[in-house]
Structures are given as structure tokens and as C-alpha cells.
J.: 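Please see the structure below; I have some questions.
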Amino acid sequence: MNKTKTEILSPDAHGLCKAAEILRAGGLVSFPTETVYGLGADAGDDAAVAQIYAAKGRPSFNPLIVHVADVSAASKYVQMNTAALRLANAFWPGALTLVLPVVPGAAVSKLVTAGLDTLAVRVPDHRVATAVLMAFGGPVAAPSANPSGRISPTTAAHVLAGLDGRIDAVVDGGPCDVGVESTIVSCVGVPTLLRAGGIPIEALEACLGAPLQRDEDPDAPVSPGQLASHYAPKGLMRLNASYAEPHETWLGFGPVNADLNLSTVGDLTEAAANLFGMLHQLDDLGAKHIAVSPVPYHGLGQAINDRLRRAAAPRD
Ligand code: TXA
Ligand code: MG
């Protein structure tokens, strides 16, 4: 994170054009939605998405919500089903995020899904958010625009209080109307509430004509917070390895002669951008035993180590 100056953009033609330009160049732009201010990056650009985690100082890679302009844009990235279409038609644009199977080969960074085969999408209901999405012309990954562990911002001033100097720009569209994050519903299988939020649960259940399954139900999918659900490669992983045994595939970091290398120059942002793609590649290579170089704990290194530790944890 070597950004120096965070530009404050007006939500006029010039500001929106600038915002789209920054996103296209792989930069970070905060913009208002009806719920909270989001911290946006090009969802298809690994390095740009890695910058989101760096700017927020997130200690782990939570999957991010992808913002799109309308239902038809959403269906380029996720496989809509009957329940999802019913909810989308009733509540989009609006404070509802749907988790659905990702379209295979969709142009979305694996860092957005944290390596999962599902994707969270939402169509925001805010003039400025819509205008940013239209001007950019693609999917925008955006968590709330606050440093990790701090409260979500509902004004541009809040965004600057937390992230000034760490992001390229904020589009100042005034205070957010809803003020709490979107409600998240997984439509993978039985519709399940993953997070209460801006759209009341009763309204969703009335629309579906059935109660939403709750995350705490024994049969429900694992909640997003419990990152055990995150993708882990099939092979067994040995962390902090300074070399690979002959039977091991080496996932390196830094100037080592490994089979795959997160960043030969030891750049943590580059390593974060490569992480999930390389974990998948290890499966493609049929790696049964994987040695992983040590990754330093500063900056994005914390999140990378958190993810590696989970991927290496004993499993059934
Ligand atoms: O209102 C909102 O939703 C705001 C605005 C900016 O749109 N965004 C927001 O994003 O709150 P964030 O990153 O703070 O929260 C995203 C939540 C996380 O709890 C994450 O675990 C969950 O969405 N999530 C994202 N992708 C998921 C997936 N594939 N499966 C399950 N949960 C997912
Ligand atoms: Mg948040």
C-alpha cells in the first residue's frame, strides 16, 4: 500500500469517468451504495482484488460480494435458479446479496470467491453505485470500505477516516440511506439466511412462500464466517518448508526454484493475488504432498498465512 493521496470525486460525469478509469487501471475506489460505502476493485483483476485486502488490513481472505448493474449481468457470473430469480426480481436493485454457484470459467478473480465455487452477487440500489458500474462496464468486488474490525462507513468522511492515503479515490455521494449491510441469502440448495441485513427476513420469506433455513440449522451449509468451508487443495500441505522432498510439489515464495511460486520477488500483494489460483493448480498437477515456503507475517502475509494454515489443517 504505497498510495499517497486519496482523491475525493464528485458524483458527476467527470468524477464517475475518473472512478471508472481508476478501476480499469487496477485501482481502488470507494463509492456509496444504499447500505454502506463499498471499497471497489475490478472483480476480474487478481492484483486489484488483492489490494482490497491490503487496504483493509484483513487478517484473512473472506469472500467478497460482486456488484453488478442488473440481473442479466449477474447471470454472466452466477447460475441463477428459481428461488434466486424470484428474490432477485422482487428485491433487486436492493440490499439483498445472493450466494449462488459460480459460472464455470467466469471472469472473476479466485481471490473474490476465496477459492470457493460459489459467488455472492448484488445489484445495489443507489444512483452513484449504478453510475459507477455502468461507467466501468464490468463486475466490481466491494466489501464495506472500513479497515478490518472497524464499523462500516455510511459517509465519505467515514471512509476517509479509516482509509485516507490507502485507496485511490472515494466518490462522495452523501450519506447512505439504509446504513446496515445487505441481507445475505444462499440459494445453493434450500434458501438459507447467511447474514441478516437491510432487507427484512419476513419480506424474503413472504416472497419465497417458505421460511428461510437458518445457518445454525444442523443441516444448513457452513456459515461464511466459518472458513472451514473454504477451498483446500487435495494434497497434504507442509508449511514453512525451506526445501521440498523428492515426493513433494513445492509452492514457493521468494527467490527459490519451486514448482509454483507465489512471488519470486517476495511481494506479498502479488502472492495474495496468486494464492487461490495456485492452490487450484496444485490439484491440476495432481500434487499429493505439497511443501510451502515460509511467508512473512506482515501486511497481506497475515491473511496468506491464515489461509495456508486452514488449507493445511487436518481434515476428514
Ligand atoms: O451491503 C453490503 O453487502 C456491503 C456493500 C458494500 O455492498 N458489502 C459488504 O461486504 O458488506 P463485506 O465484504 O463486508 O461482507 C461480505 C460478506 C462476508 O460475510 C462474506 O463471508 C460473505 O459476504 N460472502 C461472500 N461471498 C460468499 C460466498 N461465496 N459464500 C458465503 N458467503 C459469502
Ligand atoms: Mg464488512
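Just so you know, ligand 1 is whichever comes first in the structure, and atom 1 is the first atom listed for that ligand. Heavy atoms only: backbone and side chains are in, while hydrogens, waters and symmetry mates are out.
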J.: Which of the atoms of ligand 1 are close to H67, meaning less than 4.0 Å from one of its heavy atoms?
T.: 5 (C), 6 (C), 7 (O)
J.: Under 4.0 Å, counting heavy atoms only: does I184 come that close to any atom of ligand 1?
T.: yes
J.: In ligand 1, which numbered atoms sit nearer than 4.0 Å to a non-hydrogen atom of A120?
T.: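 Contacts of ligand 1 toward A120, numbered from 1: 25 (C), 26 (N), 27 (C).
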J.: Quick one: does any side-chain atom of T6 pair with a main-chain N or O of D164 as donor and acceptor, under 3.5 Å?
T.: no
J.: Side-chain donor-acceptor pair under 3.5 Å between D259 and T249, yes or no?
T.: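 No, because no side-chain N or O of D259 sits under 3.5 Å from a partner of the opposite role on T249.
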J.: Inside 2.8 Å of the Mg ion (ligand 2) but strictly below it, how many protein N/O/S atoms are present?
T.: 1
J.: Which of the atoms of ligand 1 are close to A142, meaning less than 4.0 Å from one of its heavy atoms?
T.: 6 (C), 8 (N), 10 (O)
J.: Atom CG of L251 and atom CD of Q281: how far apart are they, to the nearest 0.5 Å?
T.: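 If we round to the nearest 0.5 Å, L251:CG and Q281:CD are 9.5 Å apart.
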J.: So with a 6.0 Å cut-off around CG of L285, is the heavy-atom count from everything else above 12?
T.: yes
J.: Can you tell which part of V99 has a heavy atom less than 4.0 Å from ligand 1: side chain, backbone, both or neither?
T.: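 Side chain only; the backbone of V99 stays clear of ligand 1.
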J.: When you compare the side chains of T97 and R195, does any donor N or O come within less than 3.5 Å of an acceptor on the partner?
T.: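 No donor-acceptor contact under 3.5 Å links the two side chains.
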J.: Ignoring angles and geometry beyond distance, decide whether R122 reaches within less than 3.5 Å of ligand 1 through its nitrogen or oxygen atoms.
T.: yes
J.: Below a 4.0 angstrom heavy-atom separation, can you tell me which part of R58, side chain or backbone, both or neither, approaches ligand 1?
T.: side chain
J.: Check side chain to side chain contact (heavy atoms under 4.5 Å, CB included) between S152 and all other residues, then give those that pass, not counting sequence neighbours.
T.: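 Residues passing side chain to side chain contact (heavy atoms under 4.5 Å, CB included) with S152: V36, S144, N146, E181.
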J.: Check each of P101, P63, C176, S30 against atom 20 (C) of ligand 1 and report the one with the nearest heavy atom.
T.: P63
J.: Of all the atoms in ligand 1, which lie at a distance below 4.0 Å from a heavy atom belonging to T118?
T.: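 What qualifies from ligand 1 is 28 (C), 29 (N), 30 (N).
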J.: Side chain or backbone of P143 under 4.0 Å from ligand 1, or both, or neither, by non-hydrogen atoms?
T.: both
J.: Atoms of ligand 1 less than 4.0 Å from R195 heavy atoms?
T.: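 Listed by number with element: 2 (C), 3 (O), 9 (C), 11 (O), 15 (O), 17 (C).
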J.: So which pairs with a foot in residues 283-312 pass ring-ring contact (aromatic ring centres under 6.0 Å, His included), sequence neighbours left out?
T.: H247-H289
J.: Determine whether the side chains of R310 and S60 contain a donor N or O and an acceptor N or O closer than 3.5 Å.
T.: no
J.: Salt bridge between R214 and E205, side-chain N to carboxylate O under 4.0 Å?
T.: yes
J.: What do you reckon, is CG of N257 surrounded by more than 12 foreign heavy atoms closer than 6.0 Å?
T.: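 Not buried by this count: 12 neighbours or fewer within 6.0 Å.
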J.: Could you list the atoms of ligand 1 found under 4.0 angstrom from a heavy atom of L116?
T.: 29 (N)
J.: Can you list every pair that meets ring-ring contact (aromatic ring centres under 6.0 Å, His included) and has a residue in residues 25-54, with sequence neighbours left out?
T.: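 Qualifying pairs, neighbours excluded: Y53-F61.
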J.: Looking at N81 and C187, would you say the former's side chain and the latter's main chain have a donor-acceptor pair under 3.5 Å?
T.: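 Present.
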